[in-house]
**Student:** 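I'd like to ask some things about the structure below.
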2 protein chains.
Amino acid sequence: MANAYFPAPVENLIDWFARLPGIGRKTAQRLAFHVVSMGEEDAKAFAAAISAAKQEITFCKTCQNLSASEVCPICSSAARDHSVICVVSDPKDVAAIERTAEYRGLYHVLHGVISPLSRVSPDDLRIKELITRVSAGGVSEVILATDPDTEGEATALYIARLLKPLGVKTTRLAYGIPMGGHLEFTDELTLGRALEGRSEI
Amino acid sequence: MANAYFPAPVENLIDWFARLPGIGRKTAQRLAFHVVSMGEEDAKAFAAAISAAKQEITFCKTCQNLSASEVCPICSSAARDHSVICVVSDPKDVAAIERTAEYRGLYHVLHGVISPLSRVSPDDLRIKELITRVSAGGVSEVILATDPDTEGEATALYIARLLKPLGVKTTRLAYGIPMGGHLEFTDELTLGRALEGRSEI
(Lines give C-alpha, C1' and ligand atoms only; values in the text may rest on other atoms or scores of the structure.)
Protein backbone atom coordinates (compact mmCIF):
# COMPACT_ATOMS: atom_id res chain seq x y z
CA MET A 1 0.00 0.00 0.00
CA ALA A 2 2.35 2.68 -1.21
CA ASN A 3 0.95 6.17 -1.14
CA ALA A 4 2.59 9.54 -1.00
CA TYR A 5 0.40 10.99 1.73
CA PHE A 6 3.20 10.97 4.29
CA PRO A 7 6.83 11.94 3.74
CA ALA A 8 8.99 8.96 2.74
CA PRO A 9 10.76 8.49 6.10
CA VAL A 10 7.37 8.32 7.83
CA GLU A 11 5.94 5.88 5.25
CA ASN A 12 9.04 3.77 5.68
CA LEU A 13 8.68 3.65 9.45
CA ILE A 14 4.96 2.83 9.13
CA ASP A 15 5.94 -0.09 6.87
CA TRP A 16 8.36 -1.35 9.50
CA PHE A 17 5.87 -1.15 12.32
CA ALA A 18 3.21 -2.81 10.16
CA ARG A 19 5.50 -5.82 9.69
CA LEU A 20 5.48 -6.53 13.42
CA PRO A 21 3.12 -9.30 14.49
CA GLY A 22 -0.36 -8.10 15.41
CA ILE A 23 0.28 -4.53 14.26
CA GLY A 24 -2.08 -3.36 11.53
CA ARG A 25 -1.66 -0.40 9.22
CA LYS A 26 -3.59 2.03 11.44
CA THR A 27 -1.69 1.10 14.58
CA ALA A 28 1.58 1.32 12.65
CA GLN A 29 0.63 4.89 11.65
CA ARG A 30 -0.10 5.79 15.24
CA LEU A 31 3.23 4.36 16.40
CA ALA A 32 5.17 6.11 13.63
CA PHE A 33 3.57 9.47 14.51
CA HIS A 34 4.48 8.85 18.11
CA VAL A 35 8.12 8.30 17.16
CA VAL A 36 8.09 11.54 15.15
CA SER A 37 6.80 13.37 18.21
CA MET A 38 9.32 11.76 20.60
CA GLY A 39 12.30 13.68 21.90
CA GLU A 40 15.46 13.38 19.79
CA GLU A 41 17.29 11.50 22.56
CA ASP A 42 14.42 9.11 23.10
CA ALA A 43 14.17 8.21 19.44
CA LYS A 44 17.90 7.55 19.37
CA ALA A 45 17.69 5.36 22.47
CA PHE A 46 14.75 3.45 21.03
CA ALA A 47 16.64 2.77 17.79
CA ALA A 48 19.69 1.71 19.82
CA ALA A 49 17.54 -0.64 21.93
CA ILE A 50 16.40 -2.43 18.78
CA SER A 51 19.95 -2.81 17.46
CA ALA A 52 21.20 -3.96 20.86
CA ALA A 53 18.46 -6.54 21.37
CA LYS A 54 19.27 -8.05 18.00
CA GLN A 55 23.05 -7.88 18.29
CA GLU A 56 23.61 -8.80 21.91
CA ILE A 57 20.99 -11.50 22.25
CA THR A 58 21.70 -15.05 21.27
CA PHE A 59 20.24 -18.39 22.27
CA CYS A 60 21.67 -20.22 25.27
CA LYS A 61 23.52 -23.19 23.74
CA THR A 62 22.12 -25.46 26.44
CA CYS A 63 18.46 -24.51 26.92
CA GLN A 64 17.91 -22.39 23.76
CA ASN A 65 16.40 -19.56 25.81
CA LEU A 66 17.23 -15.96 24.91
CA SER A 67 20.50 -15.04 26.52
CA ALA A 68 23.10 -12.31 26.49
CA SER A 69 25.81 -14.93 27.13
CA GLU A 70 26.67 -18.24 25.49
CA VAL A 71 25.17 -20.13 28.42
CA CYS A 72 22.26 -18.40 30.17
CA PRO A 73 22.29 -17.52 33.90
CA ILE A 74 19.83 -20.31 34.71
CA CYS A 75 21.83 -23.05 32.96
CA SER A 76 25.09 -21.84 34.50
CA SER A 77 23.69 -21.53 38.03
CA ALA A 78 24.96 -24.05 40.59
CA ALA A 79 21.87 -23.32 42.71
CA ARG A 80 19.55 -24.95 40.15
CA ASP A 81 18.72 -28.64 39.93
CA HIS A 82 20.41 -29.74 36.71
CA SER A 83 18.64 -33.11 36.68
CA VAL A 84 15.20 -31.69 35.87
CA ILE A 85 14.36 -30.03 32.55
CA CYS A 86 11.11 -28.16 32.00
CA VAL A 87 10.25 -27.97 28.29
CA VAL A 88 8.33 -24.85 27.22
CA SER A 89 7.38 -23.43 23.86
CA ASP A 90 8.51 -19.82 24.38
CA PRO A 91 10.90 -17.65 26.40
CA LYS A 92 7.88 -15.94 27.97
CA ASP A 93 6.81 -19.27 29.44
CA VAL A 94 10.18 -19.42 31.22
CA ALA A 95 9.38 -15.99 32.64
CA ALA A 96 5.92 -17.20 33.74
CA ILE A 97 7.32 -20.24 35.56
CA GLU A 98 10.17 -18.25 37.12
CA ARG A 99 7.58 -15.85 38.56
CA THR A 100 6.04 -18.71 40.55
CA ALA A 101 9.40 -19.16 42.36
CA GLU A 102 8.35 -22.83 42.69
CA TYR A 103 10.73 -24.37 40.21
CA ARG A 104 14.45 -24.91 40.71
CA GLY A 105 15.31 -27.05 37.68
CA LEU A 106 16.46 -26.03 34.20
CA TYR A 107 14.48 -25.25 31.05
CA HIS A 108 14.41 -26.11 27.42
CA VAL A 109 12.80 -23.65 25.03
CA LEU A 110 11.34 -25.14 21.84
CA HIS A 111 10.59 -21.79 20.15
CA GLY A 112 7.17 -22.83 18.97
CA VAL A 113 4.90 -25.86 18.86
CA ILE A 114 4.27 -28.39 16.11
CA SER A 115 1.57 -26.91 13.93
CA PRO A 116 0.85 -28.37 10.49
CA LEU A 117 -1.52 -25.47 9.75
CA SER A 118 1.18 -22.84 10.34
CA ARG A 119 3.71 -25.13 8.64
CA VAL A 120 5.76 -25.65 11.79
CA SER A 121 7.23 -29.13 11.72
CA PRO A 122 9.26 -30.79 14.53
CA ASP A 123 12.43 -29.89 12.61
CA ASP A 124 11.63 -26.18 13.02
CA LEU A 125 11.71 -26.52 16.81
CA ARG A 126 14.63 -27.13 19.16
CA ILE A 127 13.63 -30.76 19.71
CA LYS A 128 16.88 -32.33 18.43
CA GLU A 129 18.75 -30.18 20.97
CA LEU A 130 16.54 -31.52 23.76
CA ILE A 131 17.10 -35.13 22.75
CA THR A 132 20.87 -34.56 22.56
CA ARG A 133 20.77 -32.95 26.00
CA VAL A 134 18.80 -35.78 27.60
CA SER A 135 20.91 -38.43 25.83
CA ALA A 136 24.04 -36.91 27.37
CA GLY A 137 22.79 -38.22 30.72
CA GLY A 138 22.34 -36.71 34.18
CA VAL A 139 18.67 -35.92 33.58
CA SER A 140 16.14 -37.63 35.83
CA GLU A 141 12.94 -35.89 34.75
CA VAL A 142 11.62 -33.95 31.79
CA ILE A 143 8.50 -31.86 32.50
CA LEU A 144 6.55 -31.12 29.32
CA ALA A 145 5.04 -27.71 29.94
CA THR A 146 3.65 -26.75 26.54
CA ASP A 147 0.22 -25.12 26.57
CA PRO A 148 -2.77 -27.42 27.14
CA ASP A 149 -4.22 -26.72 23.67
CA THR A 150 -4.28 -28.98 20.61
CA GLU A 151 -0.86 -27.99 19.31
CA GLY A 152 0.77 -27.91 22.73
CA GLU A 153 -0.64 -31.37 23.53
CA ALA A 154 0.50 -32.79 20.20
CA THR A 155 3.98 -31.36 20.72
CA ALA A 156 4.17 -32.82 24.24
CA LEU A 157 3.06 -36.25 22.99
CA TYR A 158 5.56 -36.13 20.14
CA ILE A 159 8.43 -35.33 22.49
CA ALA A 160 7.26 -37.89 25.07
CA ARG A 161 7.46 -40.57 22.38
CA LEU A 162 11.02 -39.54 21.47
CA LEU A 163 12.08 -39.54 25.12
CA LYS A 164 10.60 -42.96 25.90
CA PRO A 165 13.56 -45.01 24.59
CA LEU A 166 15.92 -42.85 26.67
CA GLY A 167 14.27 -44.15 29.86
CA VAL A 168 13.87 -40.70 31.44
CA LYS A 169 10.81 -39.91 33.58
CA THR A 170 8.53 -37.67 31.52
CA THR A 171 5.75 -35.65 33.17
CA ARG A 172 3.13 -33.15 32.08
CA LEU A 173 1.80 -30.17 34.04
CA ALA A 174 -1.43 -30.87 35.99
CA TYR A 175 -4.72 -29.92 34.39
CA GLY A 176 -7.49 -28.59 36.54
CA ILE A 177 -9.56 -25.69 37.62
CA PRO A 178 -7.54 -22.46 37.71
CA MET A 179 -7.09 -20.93 41.17
CA GLY A 180 -9.87 -18.46 41.79
CA GLY A 181 -11.97 -20.20 39.14
CA HIS A 182 -15.55 -21.34 39.57
CA LEU A 183 -16.81 -24.90 39.04
CA GLU A 184 -19.87 -23.44 37.40
CA PHE A 185 -17.90 -21.63 34.72
CA THR A 186 -15.29 -24.31 34.12
CA ASP A 187 -15.60 -26.07 30.76
CA GLU A 188 -16.42 -29.79 30.89
CA LEU A 189 -13.03 -30.83 29.49
CA THR A 190 -11.15 -29.02 32.24
CA LEU A 191 -13.58 -30.24 34.90
CA GLY A 192 -13.22 -33.81 33.64
CA ARG A 193 -9.44 -33.52 33.87
CA ALA A 194 -9.71 -31.97 37.33
CA LEU A 195 -11.78 -34.94 38.52
CA GLU A 196 -9.40 -37.41 36.91
CA GLY A 197 -6.42 -35.78 38.54
CA ARG A 198 -8.01 -35.36 41.99
CA SER A 199 -5.70 -35.85 44.94
CA GLU A 200 -6.21 -36.77 48.58
CA ILE A 201 -6.21 -33.95 51.10
CA MET B 1 8.01 -3.76 36.52
CA ALA B 2 11.67 -4.70 36.49
CA ASN B 3 12.36 -8.39 36.50
CA ALA B 4 15.38 -10.41 35.48
CA TYR B 5 13.51 -13.05 33.52
CA PHE B 6 14.79 -11.78 30.19
CA PRO B 7 18.33 -10.64 29.37
CA ALA B 8 18.82 -6.89 29.91
CA PRO B 9 18.80 -5.85 26.23
CA VAL B 10 15.47 -7.65 25.76
CA GLU B 11 13.97 -6.08 28.91
CA ASN B 12 15.15 -2.71 27.68
CA LEU B 13 13.51 -3.16 24.29
CA ILE B 14 10.29 -4.37 25.95
CA ASP B 15 10.33 -1.17 28.01
CA TRP B 16 10.65 0.92 24.87
CA PHE B 17 7.83 -0.82 23.06
CA ALA B 18 5.64 -0.58 26.15
CA ARG B 19 6.02 3.20 26.11
CA LEU B 20 4.37 3.44 22.71
CA PRO B 21 0.70 4.46 22.79
CA GLY B 22 -1.71 1.53 23.01
CA ILE B 23 1.04 -1.05 23.49
CA GLY B 24 0.75 -3.00 26.73
CA ARG B 25 3.41 -5.08 28.45
CA LYS B 26 2.39 -8.37 26.81
CA THR B 27 2.31 -6.89 23.32
CA ALA B 28 5.65 -5.20 23.99
CA GLN B 29 7.11 -8.61 24.89
CA ARG B 30 5.78 -10.12 21.68
CA LEU B 31 7.23 -7.28 19.61
CA ALA B 32 10.61 -7.48 21.35
CA PHE B 33 10.79 -11.24 20.72
CA HIS B 34 9.94 -10.60 17.12
CA VAL B 35 12.83 -8.14 16.81
CA VAL B 36 15.19 -10.70 18.34
CA SER B 37 14.08 -13.25 15.75
CA MET B 38 14.39 -10.79 12.83
CA GLY B 39 17.28 -11.01 10.41
CA GLU B 40 20.33 -8.90 11.32
CA GLU B 41 19.85 -6.61 8.31
CA ASP B 42 16.16 -6.14 9.02
CA ALA B 43 16.75 -5.15 12.62
CA LYS B 44 19.36 -2.63 11.49
CA ALA B 45 16.99 -1.20 8.88
CA PHE B 46 14.18 -0.96 11.43
CA ALA B 47 16.42 0.91 13.87
CA ALA B 48 17.56 3.19 11.05
CA ALA B 49 13.95 3.86 10.05
CA ILE B 50 13.21 5.11 13.55
CA SER B 51 16.21 7.42 13.61
CA ALA B 52 15.44 8.69 10.11
CA ALA B 53 11.78 9.40 10.82
CA LYS B 54 12.79 11.45 13.83
CA GLN B 55 15.72 13.25 12.24
CA GLU B 56 14.45 13.93 8.74
CA ILE B 57 10.88 14.83 9.53
CA THR B 58 9.90 18.32 10.47
CA PHE B 59 6.66 20.29 10.29
CA CYS B 60 5.81 22.20 7.12
CA LYS B 61 6.21 25.85 8.11
CA THR B 62 3.01 26.72 6.27
CA CYS B 63 0.48 23.97 7.02
CA GLN B 64 2.23 22.30 10.00
CA ASN B 65 1.85 18.87 8.42
CA LEU B 66 4.69 16.36 8.72
CA SER B 67 7.20 17.08 6.00
CA ALA B 68 10.68 16.11 4.91
CA SER B 69 11.19 19.62 3.54
CA GLU B 70 10.67 23.09 5.02
CA VAL B 71 7.52 23.54 2.95
CA CYS B 72 5.58 20.36 2.20
CA PRO B 73 4.83 19.16 -1.36
CA ILE B 74 1.15 20.14 -1.06
CA CYS B 75 1.86 23.72 0.08
CA SER B 76 4.53 24.18 -2.59
CA SER B 77 2.40 22.74 -5.41
CA ALA B 78 1.20 25.22 -8.06
CA ALA B 79 -1.53 22.73 -9.01
CA ARG B 80 -3.36 23.26 -5.70
CA ASP B 81 -5.87 25.97 -4.93
CA HIS B 82 -4.04 28.19 -2.43
CA SER B 83 -7.18 30.12 -1.53
CA VAL B 84 -8.85 27.24 0.34
CA ILE B 85 -7.53 25.83 3.62
CA CYS B 86 -8.89 22.62 5.13
CA VAL B 87 -8.22 22.48 8.88
CA VAL B 88 -7.72 18.97 10.30
CA SER B 89 -6.57 17.70 13.67
CA ASP B 90 -3.98 15.16 12.51
CA PRO B 91 -1.64 14.31 9.61
CA LYS B 92 -3.63 11.11 9.09
CA ASP B 93 -6.71 13.20 8.34
CA VAL B 94 -4.77 14.85 5.51
CA ALA B 95 -4.05 11.35 4.20
CA ALA B 96 -7.76 10.44 4.48
CA ILE B 97 -8.88 13.52 2.53
CA GLU B 98 -6.14 13.10 -0.09
CA ARG B 99 -7.38 9.57 -0.70
CA THR B 100 -10.76 10.94 -1.80
CA ALA B 101 -8.99 12.85 -4.62
CA GLU B 102 -11.84 15.36 -4.30
CA TYR B 103 -9.95 18.20 -2.68
CA ARG B 104 -7.51 20.51 -4.45
CA GLY B 105 -6.92 23.13 -1.75
CA LEU B 106 -4.33 23.30 1.03
CA TYR B 107 -4.40 22.01 4.59
CA HIS B 108 -3.68 23.16 8.09
CA VAL B 109 -2.84 20.54 10.70
CA LEU B 110 -3.70 21.45 14.30
CA HIS B 111 -1.95 18.44 15.88
CA GLY B 112 -4.79 17.68 18.26
CA VAL B 113 -8.10 19.06 19.41
CA ILE B 114 -9.01 21.22 22.37
CA SER B 115 -9.62 18.83 25.25
CA PRO B 116 -9.78 20.13 28.82
CA LEU B 117 -9.86 16.52 30.12
CA SER B 118 -6.57 15.65 28.44
CA ARG B 119 -5.24 19.11 29.31
CA VAL B 120 -4.95 20.22 25.70
CA SER B 121 -5.64 23.94 25.50
CA PRO B 122 -5.87 26.06 22.31
CA ASP B 123 -2.26 27.16 22.91
CA ASP B 124 -1.07 23.57 22.53
CA LEU B 125 -2.46 23.45 18.98
CA ARG B 126 -1.29 25.18 15.82
CA ILE B 127 -4.17 27.66 15.91
CA LYS B 128 -2.02 30.83 16.08
CA GLU B 129 -0.29 29.66 12.90
CA LEU B 130 -3.67 29.30 11.18
CA ILE B 131 -4.79 32.78 12.18
CA THR B 132 -1.48 34.27 10.99
CA ARG B 133 -1.86 32.43 7.71
CA VAL B 134 -5.42 33.61 7.12
CA SER B 135 -4.58 37.16 8.23
CA ALA B 136 -1.84 37.30 5.57
CA GLY B 137 -4.65 37.32 2.99
CA GLY B 138 -5.36 35.41 -0.19
CA VAL B 139 -7.60 32.91 1.58
CA SER B 140 -11.24 32.75 0.48
CA GLU B 141 -12.45 29.76 2.49
CA VAL B 142 -11.49 27.82 5.58
CA ILE B 143 -13.05 24.34 5.85
CA LEU B 144 -13.11 23.10 9.44
CA ALA B 145 -12.70 19.34 9.14
CA THR B 146 -12.14 18.25 12.72
CA ASP B 147 -13.95 15.06 13.78
CA PRO B 148 -17.69 15.40 14.48
CA ASP B 149 -17.30 14.49 18.15
CA THR B 150 -17.51 16.74 21.21
CA GLU B 151 -13.88 17.84 21.15
CA GLY B 152 -13.71 18.20 17.39
CA GLU B 153 -16.90 20.29 17.41
CA ALA B 154 -15.64 22.48 20.22
CA THR B 155 -12.35 23.03 18.42
CA ALA B 156 -14.16 23.92 15.17
CA LEU B 157 -16.41 26.40 16.98
CA TYR B 158 -13.45 27.95 18.77
CA ILE B 159 -11.58 28.48 15.50
CA ALA B 160 -14.70 29.71 13.69
CA ARG B 161 -15.06 32.40 16.33
CA LEU B 162 -11.44 33.51 15.86
CA LEU B 163 -11.83 33.59 12.08
CA LYS B 164 -15.06 35.62 12.15
CA PRO B 165 -13.37 39.08 12.48
CA LEU B 166 -11.09 38.19 9.53
CA GLY B 167 -14.15 38.04 7.26
CA VAL B 168 -13.17 34.74 5.64
CA LYS B 169 -15.84 32.20 4.64
CA THR B 170 -15.77 29.40 7.18
CA THR B 171 -17.41 26.04 6.47
CA ARG B 172 -17.78 22.70 8.21
CA LEU B 173 -17.92 19.23 6.62
CA ALA B 174 -21.44 17.91 5.97
CA TYR B 175 -22.97 15.61 8.55
CA GLY B 176 -25.14 12.76 7.41
CA ILE B 177 -25.60 9.08 6.93
CA PRO B 178 -22.37 7.40 5.88
CA MET B 179 -22.37 5.87 2.40
CA GLY B 180 -23.44 2.24 2.61
CA GLY B 181 -25.07 2.96 5.96
CA HIS B 182 -28.61 2.03 6.96
CA LEU B 183 -31.28 4.46 8.16
CA GLU B 184 -32.32 1.86 10.70
CA PHE B 185 -28.92 1.72 12.34
CA THR B 186 -28.11 5.42 12.14
CA ASP B 187 -28.13 7.17 15.50
CA GLU B 188 -30.77 9.88 15.94
CA LEU B 189 -28.23 12.70 16.11
CA THR B 190 -26.75 11.79 12.74
CA LEU B 191 -30.19 11.21 11.24
CA GLY B 192 -31.36 14.58 12.54
CA ARG B 193 -28.34 16.28 10.95
CA ALA B 194 -28.93 14.37 7.71
CA LEU B 195 -32.52 15.66 7.55
CA GLU B 196 -31.42 19.18 8.38
CA GLY B 197 -28.78 19.10 5.64
CA ARG B 198 -30.99 17.50 2.98
CA SER B 199 -30.49 18.68 -0.58
CA GLU B 200 -32.61 18.67 -3.71
CA ILE B 201 -31.95 15.94 -6.26
Side-chain angles (χ1 to χ4, degrees), chain A residues 3-17 19-23 26-27 29-40 42-60 65-69 72-73 90-92 94-99 111, chain B residues 3-17 19-23 26-27 29-40 42-60 65-69 72-73 90-92 94-99 111:
Chain A
N3 50 35
Y5 302 130
F6 302 115
V10 177
E11 282 291 341
N12 184 33
L13 184 57
I14 293 174
D15 286 342
W16 274 107
F17 275 124
R19 285 201 214 174
L20 297 177
I23 303 290
K26 295 254 162 174
T27 307
Q29 263 185 25
R30 191 158 39 81
L31 299 181
F33 289 153
H34 180 82
V35 168
V36 170
S37 69
M38 269 179 164
E40 188 100 24
D42 277 358
K44 245 185 229 168
F46 184 23
I50 287 175
S51 305
K54 180 62 205 165
Q55 277 162 23
E56 295 170 21
I57 294 301
T58 169
F59 298 107
C60 167
N65 195 3
L66 300 176
S67 171
S69 48
C72 77
D90 284 297
K92 52 180 174 288
V94 171
I97 296 176
E98 284 297 287
R99 273 196 289 271
H111 293 281
Chain B
N3 51 35
Y5 302 128
F6 302 117
V10 177
E11 282 290 340
N12 184 33
L13 184 56
I14 293 174
D15 286 342
W16 274 106
F17 276 123
R19 284 203 215 172
L20 297 175
I23 303 288
K26 295 256 160 174
T27 307
Q29 263 186 23
R30 191 157 41 82
L31 300 181
F33 289 154
H34 181 81
V35 169
V36 170
S37 68
M38 267 177 165
E40 189 99 22
D42 278 358
K44 245 185 228 166
F46 183 23
I50 288 175
S51 305
K54 180 62 207 167
Q55 277 162 24
E56 296 170 20
I57 294 301
T58 169
F59 298 109
C60 167
N65 195 4
L66 299 177
S67 171
S69 47
C72 77
D90 284 296
K92 53 181 173 287
V94 172
I97 295 176
E98 284 296 287
R99 272 195 291 271
H111 292 281

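Chain identifiers are assigned alphabetically (A, B, ...) following the order of the sequence lines, protein sequences preceding nucleic acid strands; residue numbering begins at 1 within each chain.
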**Student:** For chain A, find which of Val35(B), Thr58(B), Val36(B) contributes the most heavy-atom pairs closer than 4.5 angstrom.
**Tutor:**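 Top count of heavy-atom pairs under 4.5 Å with chain A: Val36(B).
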**Student:** Side chain, backbone, both or neither: which part of Glu40(A) has an atom under 4.5 Å from a heavy atom of chain B?
**Tutor:**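 Looking at Glu40(A), backbone and side chain both touch chain B.
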**Student:** Given a strict heavy-atom distance threshold of 4.5 Å, which part of Ala45(A) is in contact with chain B: side chain, backbone, both, or neither?
**Tutor:** both
**Student:** Sort out for me which of Pro91(B), Ser51(B), Ala52(B), Ala32(B) touches chain A most, counting heavy-atom pairs under 4.5 Å.
**Tutor:**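 Among the listed options, the one with the most contacts to chain A is Pro91(B).
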**Student:** Glu98(B): which residues meet the side-chain hydrogen bond (donor to acceptor under 3.5 Å, both in side chains) condition with it, sequence neighbours left out?
**Tutor:**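 Expected list: Arg80(B), Tyr107(B).
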**Student:** Pick one of side chain, backbone, both or neither for Ser37(A), based on which atoms fall under 4.5 Å of a heavy atom in chain B.
**Tutor:** backbone
**Student:** Side chain, backbone, both or neither: which part of Asp90(A) has a heavy atom under 4.5 Å from chain B?
**Tutor:**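 For Asp90(A), no heavy atom lies under 4.5 Å from chain B.
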**Student:** Between Val94(A) and chain B, which part of the residue has a heavy atom less than 4.5 Å away: side chain, backbone, both or neither?
**Tutor:**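 No part of Val94(A) comes within 4.5 Å of chain B.
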**Student:** Could you work out, with ring pair (Phe, Tyr, Trp, His ring centres under 6.0 Å) as the rule, every residue matching Phe33(A), not counting sequence neighbours?
**Tutor:**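 Phe33(A): ring pair (Phe, Tyr, Trp, His ring centres under 6.0 Å) contacts with Phe6(A).
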**Student:** Less than 4.5 Å apart, side chain to side chain, heavy atoms only: is that true for Leu66(A) and Phe59(A)?
**Tutor:** yes
**Student:** Below 4.5 Å, heavy atoms only, C-beta onward: do Lys54(A) and Phe46(B) meet side chain to side chain?
**Tutor:**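 A side-chain contact is absent here, since even the closest heavy-atom pair is not under 4.5 Å.
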**Student:** Please find the pair of heavy atoms, one from Pro9(B) and one from Glu56(A), that lie closest to each other, and give the distance.
**Tutor:**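 Here Pro9(B) and Glu56(A) meet closest at CG-OE1, 3.2 Å.
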**Student:** Is the closest side-chain heavy-atom distance between Leu20(B) and Met38(A) below 4.5 Å?
**Tutor:**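 They are in side-chain contact.
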**Student:** So which of Lys26(B), Gln29(B), Arg19(B) actually passes side-chain contact (heavy atoms from CB on, under 4.5 Å) with Ile14(B)?
**Tutor:**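 Of the listed options, the one satisfying the test is Gln29(B).
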**Student:** Between Lys92(A) and chain B, with a heavy-atom cut-off of 4.5 Å, which part of the residue counts as in contact: side chain, backbone, both or neither?
**Tutor:**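 Both backbone and side chain of Lys92(A) come within 4.5 Å of chain B.
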**Student:** What part of Ile57(A) gets closer than 4.5 Å to chain B, counting heavy atoms only: side chain, backbone, both or neither?
**Tutor:** side chain
**Student:** I need the residue from Gly22(A), Ser67(A), Pro21(A), Ala53(A) with the largest number of non-hydrogen atom pairs under 4.5 Å to chain B.
**Tutor:** Pro21(A)
